[in-house]
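Working notes for the structure below.
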Amino acid sequence: MDRILIRGGNRLNGRLPISGAKNAALTLMPCALLTDEPVTLRNLPRLADVDGFGHLLNQLGASTTIEGSRPEDFGRVMTIRAGQLTSTEAPYDIVRKMRASILVLGPILARAGQARVSLPGGCAIGNRPIDLHLKALQAIGAELEMSAGYVTATAPGGRLGGGRYTFPIVSVGATENVLMAAVTARGSSRIENAAREPEIVDLCRCLVAMGARIEGIGTETLEIEGVAELHGATYGVMPDRIEAGSYACAAAVAGGTVELANVSAGDMGATLEALRAAGVGVEERRDSIVVSSDGKLAPLTLSTAPYPGFATDMQAQFMAMLCKADGASVLTETIFENRYMHVPELARMGADIQVHGRTAVVKGVDRLVGAPVMATDLRASMSLIIAGLVAEGETSVARVYHLDRGYERLEEKLSAVGADIERDSGG
Ligand code: EPZ
């Protein structure tokens with residue numbers, strides 16, 4: 001089982017390339033199921049979840065070929081050819097390992113007129129239901145039947161009719177699923193209170209490049225006019241705003257000046273605002289952001305919210321950073337019911353954090369001390385890396401497979417800007 005070892009105390013200086021966005025890639029890949037023509041995705045990150053999704057697409061009968069990227073390059077080019085689906089089922093053993101697999105439900109249903117997908121089950125951060133995915137699909141004509149842990153969706157007559165749905169709460173995945181199902185419906189569809197995350201905008205832009213007709217991109221109301229079929233396209237995955245924000249937190253607390261390359265600051269408003277409020281220097285350039293810090297941080301009060309609010313995917317990383325702030329910070333996690341799994345691990349390193357329900361009070365401490373800690377979920381594992389970068393002595397983070405789901409070549413990127421970090425494969 002791999003571990004990552006960090007010896008804290010180094011400042012971070014230099015240029016750190018940001019990869020394509022995991023959460024965009026995982027909704028762009030299933031788009032290819034909507035057409036029998038090739039879809040080529042550029043700037044695809046080299047991540048376990050992306051590989052896992054590729055295997056799921058293969059199981060459905062689509063081929064996935066990686067083109068022209070040397071091992072040392074960041075950003076792969078993948079062409080997906082779903083000329084003929086050989087299966088319309090996403091099995092439990094795949095879906096339980098990667099929740100994003102549920103995003104094949106809408107595309108398979110739209111393409112084949114029926115789909116059978118395992119319910120994903122919960123994960124470390126919450127029970128993660130898919131009721132909103134199902135209600136939204138029903139609203140545009142899907143007939144659903146649940147049995148034995150699977151949902152079977154059918155489009156009467158083989159094609160969805162379209163319709164209207166207003167989400168009671170914002171759901172990124174459910175918005176993505178119903179969008180991908182609606183673009184080739186017979187009629188038009190109107191989705192209200194849709195998620196507005198940049199990854200949704202990326203999805204809409206890719207679908208439009210494939211011939212879809214979508215109005216209101218980037219707003220909470222999406223109008224989709226169904227078209228008979230979509231064609232192939234080549235599309236570049238957006239930069240990963242969460243990866244970028246994660247490394248910004250690392251530089252903020254370690255001190256130094258790091259240029260995050262290939263990012264779009266426009267996607268990171270709330271994160272950059274919070275960094276500035278903590279006293280971190282943030283300079284926005286054309287396609288990079290320069291983060292500079294002397295390691296001294298002001299405490300913050302932050303509450304997670306759907307985009308454009310402060311991202312729940314940034315909560316754990318900010319918490320690690322604020323463990324060293326000059327005062328008490330208050331973080332409130334409004335999106336997931338159990339996203340404080342990193343707290344006991346940070347406490348092992350000397351952090352002073354009190355959790356009351358959805359709120360965590362983080363009292364800044366003078367020093368963190370390296371310790372053996374365990375990753376529990378993707379963003380929690382990044383918070384332990386960030387804490388390890390400023391802790392005295394050595395931190396070893398176990399179960400780094402969580403990290404490999406969302407951070408491409410993390411130890412290489414951090415070493416290149418001065419961190420004393422390595423992967424120990426013998427742990
Ligand atoms: C996406 O998950 C992201 N994953 C998550 O990132 C991210 O934290 C989340 O959006 C919120 O931004 C991917 O894009 C692959 P939701 P998703 O549906 O779509 C509840 C990471 O670290 N809900 O917006 O599953 C749900 O329980 C991951 O990269 C229902 O009740 O999130 C949650 O409380 C973690 N019923 C809230 O809505 C549903 O049918 C928001 O979930 C669906 C969701």
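Quick note: residue numbers are just sequence positions, from 1. Bear in mind the structure is a predicted one, so any value in this text is a computation, not a measurement. Read the numbers this way: they start at 1 and go in the same order the structure lists the ligands and their atoms.
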**Request:** Can you sort out the partners of Thr334 under side chain to side chain donor-acceptor pair (under 3.5 Å), two or more places apart, ordered by chain and number?
**Result:** Thr304

**Request:** Decide whether an N or O pair under 3.5 Å exists between Asn23 and ligand 1.
**Result:** yes

**Leu132 and ligand 1 - part of the residue with a heavy-atom distance under 4.0 Å** = both

**Asked** Are a donor atom and an acceptor atom from the side chains of Thr88 and Gln114 found within less than 3.5 Å of each other?
**Response** yes

**Asked** Hey, are Glu67 and Thr79 close enough side-chain-wise for a donor-acceptor pair under 3.5 Å?
**Response** yes

**Within-cut-off N or O pair, Glu176 and ligand 1, under 3.5 Å** = no

**Asked** Looking at atom 18 (O) of ligand 1, what's its closest protein heavy atom, distance included?
**Response** Ser171 OG, 2.7 Å

**Fill in**
The atoms of ligand 1 lying under 4.0 Å from a heavy atom of Arg99, numbered in the order shown, are 25 (O)

**Prompt:** Heavy-atom distance to atom 42 (O) of ligand 1: which of Phe53, Phe167, Phe336 wins?
**Reply:** Phe336

**Request:** Answer yes when Glu333 and Arg339 have at least one side-chain N-carboxylate O distance shorter than 4.0 Å, and no when they do not.
**Result:** no

**Asked** With a cut-off of 4.0 Å, which atoms of ligand 1 are near a heavy atom of Gly173?
**Response** 18 (O), 19 (O)

**Item:** Residues Arg76 and Asp51 bridged, charged N to O under 4.0 Å
**Value:** yes

**Request:** Specify the protein heavy atom at minimum distance from atom 11 (C) of ligand 1: its residue, its atom name, and the distance to 0.1 Å.
**Result:** Thr312 CG2, 3.9 Å

**Per-residue contact class, Arg405 against ligand 1 - non-hydrogen pairs under 4.0 Å** = neither

**Message:** With a 4.0 Å cut-off on heavy atoms, is Glu199 in contact with ligand 1?
**Reply:** no

**Prompt:** Between Ala174 and ligand 1, does any nitrogen or oxygen pair lie at a separation below 3.5 Å?
**Reply:** no

**Prompt:** So is Ile169 polar-close to ligand 1, meaning N/O to N/O under 3.5 Å?
**Reply:** no

**Request:** Using atom types as modelled and distance alone, determine if a side-chain donor or acceptor of Arg348 lies under 3.5 Å from a backbone N or O of Pro372.
**Result:** yes

**Prompt:** Tell me, which protein residue and heavy-atom name are nearest atom 41 (C) of ligand 1, and how many Å apart are they?
**Reply:** Ile335 CG2, 3.6 Å

**Message:** Under 4.0 Å between a side-chain nitrogen and a carboxylate oxygen: does that hold for Arg213 and Glu223?
**Reply:** no

**Prompt:** Touching ligand 1 at all, His402? Heavy atoms, strictly under 4.0 Å?
**Reply:** no

**Request:** Provide, to 0.1 Å, the distance between atom 22 (O) of ligand 1 and the closest protein heavy atom, together with that atom's residue and name.
**Result:** Arg379 NE, 2.9 Å

**Request:** May I ask whether Lys135 has any heavy atom positioned less than 4.0 angstrom from an atom of ligand 1?
**Result:** no

**Item:** Side-chain ion pair, Arg285 and Glu259, N-O less than 4.0 Å
**Value:** yes

**Message:** Checking the side chain of Tyr340 only, and the main-chain atoms of Val355 only, is there a donor and an acceptor separated by less than 3.5 Å?
**Reply:** no

**Request:** Please tell me if the side chains of Leu275 and Met321 come closer than 4.5 Å, counting only heavy atoms from C-beta onward.
**Result:** yes

**Prompt:** Is the shortest N/O to N/O distance between Glu337 and ligand 1 below 3.5 Å?
**Reply:** no

**Prompt:** Considering only heavy atoms, which of Asp313, Asn177, Val170 lies nearest to atom 8 (O) of ligand 1?
**Reply:** Asp313

**Request:** Before signing off on this row, confirm whether Val172 and ligand 1 have an N or O atom pair separated by under 3.5 Å.
**Result:** yes

**Glu192 atom CD: more than 12 heavy-atom contacts under 6.0 Å** = yes

**Residue Ile130 vicinity, atoms of ligand 1 by number, heavy atom under 4.0 Å** = 39 (C), 40 (O)

**Fill in**
among protein heavy atoms, the one nearest atom 2 (O) of ligand 1 is Arg128 NH2, 3.5 Å

**Prompt:** Lys22 heavy atoms, cut-off 4.0 Å: which ligand 1 atoms fall inside?
**Reply:** 21 (C), 29 (O)

**Asked** Do the non-hydrogen side-chain atoms of Leu47 and Asp404 ever get within less than 4.5 Å of each other?
**Response** no

Result block: side-chain N/O donor-acceptor pairs under 3.5 angstrom for residues 131-154, not counting sequence neighbours:
from	atom 1	to	atom 2	distance (Å)
His133	ND1	Asn177	ND2	3.0
His133	NE2	Ala174	N	3.4
Tyr150	OH	Tyr92	N	2.9

**Prompt:** Tell me, which protein residue and heavy-atom name are nearest atom 35 (C) of ligand 1, and how many Å apart are they?
**Reply:** Arg339 NH2, 3.6 Å

**Asked** Within less than 4.0 angstrom of ligand 1, does Pro129 place any heavy atom?
**Response** yes

**Message:** Please determine whether a side-chain nitrogen of the Lys or Arg among Arg190 and Glu220 lies less than 4.0 Å from a carboxylate oxygen of the Asp or Glu.
**Reply:** no

**Check: Thr219 side chain, Gly216 main-chain N or O, donor-acceptor pair, under 3.5 Å** = yes

**Prompt:** Hey, is ligand 1 close enough to Asp131 that some N/O pair sits below 3.5 Å?
**Reply:** yes

